[in-house]
Amino acid sequence: MTKLNGRRAVVTGGASGIGLACAEALAAAGAAVTIADVNGEAAASAAATLGGDAWKVDLSDTAALADLVLDADILVNNAGLQHVQPIDEFEPDRFSLMLRVMLEAPFLLIRAALPGMYERGFGRIINVSSVHGIRASPYKAAYVAAKHGLEGLSKVTALEGGAHGVTSNCISPGYVRTPLVEQQIAAQALVHGIDEDEVVPKVMLTESAIKRLVEPREVASLVLWLAGDDARMVTGASYTMDGGWSAR
Ligand SMILES: NC(=O)c1ccc[n+]([C@@H]2O[C@H](COP(=O)([O-])OP(=O)(O)OC[C@H]3O[C@@H](n4cnc5c(N)ncnc54)[C@H](O)[C@@H]3O)[C@@H](O)[C@H]2O)c1
């Protein structure tokens, strides 16, 4: 079992879904966890539950992150958002916002954390990408572009950090059962005129060999492993957890 006593972890988007499951798993392994989220109330309440700290931060405000110094041994870049629209209708401002939150902010947080990690000779950068970091779907231009960019950023971080005891990896899940996706299920059922039970196999999992959603705790277990000692030689990798979607 991974032990992280004495390690400090920052989890962005840690107030909900995958990020919350990661924060819980890291805290249970003994890490001191900071939940960084734009939803300050949810971050504070989650932090209180797991005995960590909350950091209310809007990661789309990248100018405010330019001079940041981040004291952390483990950084989980997880905050994200989705928007589905054809490119010719996609608002440039929304594209820019999504790229800021899911690519520029991870760059700025990594940049802010690396000097301390290099000094201590230890660091774990874990980037929550997506199957859309390695595969495209129509109508998700900003999301797919940001996640593909995150995969590249993670590999560069791995190459630069290797000599300093810093690893960097991506996790690339398919659809995960989070509040956001559960809301989508209800909406999809309505739009398609089918039962909610049918949305997962018939709409969301057409590409997957395993016809179910990923659970947040399954993603968190991989985060935990990547943060621990057994993953010392794992860097520059991208771990899919997509039920076989990307095997096609
Ligand atoms: N749910 C899925 O199916 C799925 C699949 C693959 C990858 N992912 C990725 O996992 C990550 C987490 O997604 P989730 O499904 O848990 O979503 P979620 O909506 O449950 O949680 C996202 C969190 O990010 C926070 N956030 C959003 N914008 C922010 C900002 N500007 N600044 C700070 N925090 C902000 C939200 O407040 C929220 O707490 C995302 O990067 C997403 O792309 C999700």
Side-chain angles (χ1 to χ4, degrees), residues 10-25 33-47 54-65 68 70 75-84 93-94 96-106 108-109 126-137 140-151 153-154 170-185 187-188 199-200 203-205 207-208 212-220 222-223 238-243 245-246:
V10 173
V11 182
T12 72
S16 171
I18 295 168
L20 179 56
C22 293
E24 287 167 350
V33 176
T34 298
I35 294 182
D37 205 290
V38 70
N39 186 340
E41 248 176 64
S45 131
W55 173 26
K56 186 181 178 187
V57 59
D58 181 356
L59 295 172
S60 71
D61 184 5
T62 45
L65 302 174
L68 185 73
L70 197 60
L75 169 62
V76 183
N77 280 312
N78 163 79
L81 64 165
Q82 180 60 278
H83 186 71
V84 178
D93 281 353
R94 191 187 291 271
S96 168
L97 169 87
M98 291 175 70
L99 268 283
R100 287 203 306 282
V101 174
M102 292 192 286
L103 182 55
E104 289 187 39
L108 291 165
L109 295 187
I126 301 162
N127 300 300
V128 180
S129 176
S130 164
V131 66
H132 286 112
I134 52 175
R135 292 288 185 278
S137 289
K140 293 188 172 178
Y143 191 85
V144 169
K147 295 299 192 186
H148 273 68
L150 185 63
E151 298 268 347
L153 171 66
S154 183
C170 281
I171 297 178
S172 304
Y175 280 101
V176 184
R177 189 185 306 282
T178 67
L180 199 71
V181 166
E182 278 177 347
Q183 281 156 24
Q184 267 184 56
I185 290 175
Q188 296 266 30
V199 170
V200 173
V203 180
M204 292 184 167
L205 298 181
E207 306 298 322
S208 299
R212 71 159 171 87
L213 298 176
V214 182
E215 297 298 334
R217 64 177 161 71
E218 294 175 311
V219 182
L222 188 46
V223 167
S238 180
Y239 278 81
T240 59
M241 192 182 274
D242 61 10
W245 177 336
S246 58

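Note that the structure is a prediction, hence the values are computed from the model and not measured. Side-chain atoms are counted along with the backbone in the values below, which use heavy atoms only and exclude waters and symmetry mates. Note that the numbering runs from 1 along the sequence shown for the chain. Both counts, for ligands and for their atoms, begin at 1 and track the order of listing.
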Side chain to side chain contact (heavy atoms under 4.5 Å, CB included) between Asn77 and Ile126, intermediate numbers included: CA-CA 6 Å; Asn77 280 312; Ile126 301 162; over 6 Å; no
Close approach of Gly174 to ligand 1, heavy atoms, under 4.0 angstrom: yes
Using only heavy-atom distances, determine whether the side chains of Thr12 and Asn78 contain a donor-acceptor pair under 3.5 Å. no
Atom 27 (C) of ligand 1 sits nearest the protein heavy atom Gly80 O, 3.8 Å
To the nearest 0.1 Å, how far is atom 40 (C) of ligand 1 from its closest protein heavy atom, and which atom is that? Asn78 O, 3.0 Å
side-chain contact (heavy atoms from CB on, under 4.5 Å) with Ser96: which residues, sequence neighbours excluded? Arg100
Across all chains, not counting sequence neighbours, the side-chain contact (heavy atoms from CB on, under 4.5 Å) partners of Ser129 are Lys147, Leu150, Glu151, Cys170, Ser172
Quick check on contacts: which atoms of ligand 1 are under 4.0 angstrom from a heavy atom of Gly13? 23 (C), 24 (O), 25 (C), 39 (O)
So which bit of His132 gets within less than 4.0 Å of ligand 1, heavy atoms only: side chain, backbone, both or neither? neither
Looking only at protein heavy atoms, identify the closest one to atom 31 (N) of ligand 1 and say how far it is in Å. Asp58 OD1, 3.0 Å
Is any side-chain heavy atom of Leu59 closer than 4.5 Å to a side-chain heavy atom of Val38? no
Could you tell me if any non-hydrogen atom of Ser129 lies under 4.0 Å from any atom of ligand 1? yes
Could you tell me the residue and atom name of the protein heavy atom closest to atom 15 (O) of ligand 1, and the distance to it rounded to 0.1 Å? Thr178 OG1, 2.9 Å
Residue Gln82 excluded, over 12 heavy atoms near CD under 6.0 Å: yes
Below 4.0 angstrom from a heavy atom of Ile18, which ligand 1 atoms are there? Numbered from 1 as shown, please. 8 (N), 10 (O), 16 (O), 44 (C)
Which ligand 1 atoms does Ala79 reach within 4.0 Å, using its non-hydrogen atoms? 24 (O), 34 (N), 35 (C), 41 (O)
What are the two closest non-hydrogen atoms of Gly14 and Ile35, and how far apart are they? C-CG2, 3.4 Å
shortest atom 8 (N) of ligand 1-to-protein heavy-atom contact is with Tyr143 OH, 3.5 Å
Heavy-atom contacts with Gly17 under 4.0 Å: which atoms of ligand 1 show up? List them by number with element. 16 (O), 20 (O)
If you scan protein heavy atoms around atom 2 (C) of ligand 1, the nearest is Val176 N, 3.4 Å
Numbered atoms of ligand 1 (with element) below 4.0 Å of Val57, judged on heavy atoms: 32 (N), 33 (C)
What are the two closest non-hydrogen atoms of Ser60 and Val101, and how far apart are they? CB-CG2, 3.6 Å
Do any heavy atoms of Gln82 fall under 4.0 Å from ligand 1? no
The atoms of ligand 1 lying under 4.0 Å from a heavy atom of Val181, numbered in the order shown, are 1 (N), 2 (C), 3 (O)
Minimum heavy-atom distance between Trp55 and Leu109, given as atom pair plus value: CH2-CD2, 4.2 Å
Tyr143 pairs by side-chain contact (heavy atoms from CB on, under 4.5 Å) with which of His132, His148, His83? His132
Ligand-side contact atoms (ligand 1) for residue partner Val101, heavy atom cut-off under 4.0 Å: 31 (N)
4.0 Å heavy-atom contact, Leu81 with ligand 1: no
Value rounded to 0.5 Å, distance of CE in Met102 from CG in Leu97: 8.5 Å
Looking only at distance, does Pro173 have an N or O less than 3.5 Å from an N or O of ligand 1? no
Hey, is the main chain of Val214 close enough, under 3.5 Å, to the side chain of Arg177 for a donor-acceptor pair? no
Numbered atoms and elements of ligand 1 in range of Leu59, under 4.0 angstrom, heavy atoms: 30 (C), 31 (N), 32 (N), 33 (C)
Protein heavy atom at shortest distance from atom 39 (O) of ligand 1: Asp37 OD2, 2.6 Å
Identify the closest protein heavy atom to atom 20 (O) of ligand 1: which residue and atom is it, and at what distance? Ser16 OG, 2.7 Å
Heavy-atom nearest pair, Ile134 first then Ser246, reads CD1-CB, 3.8 Å
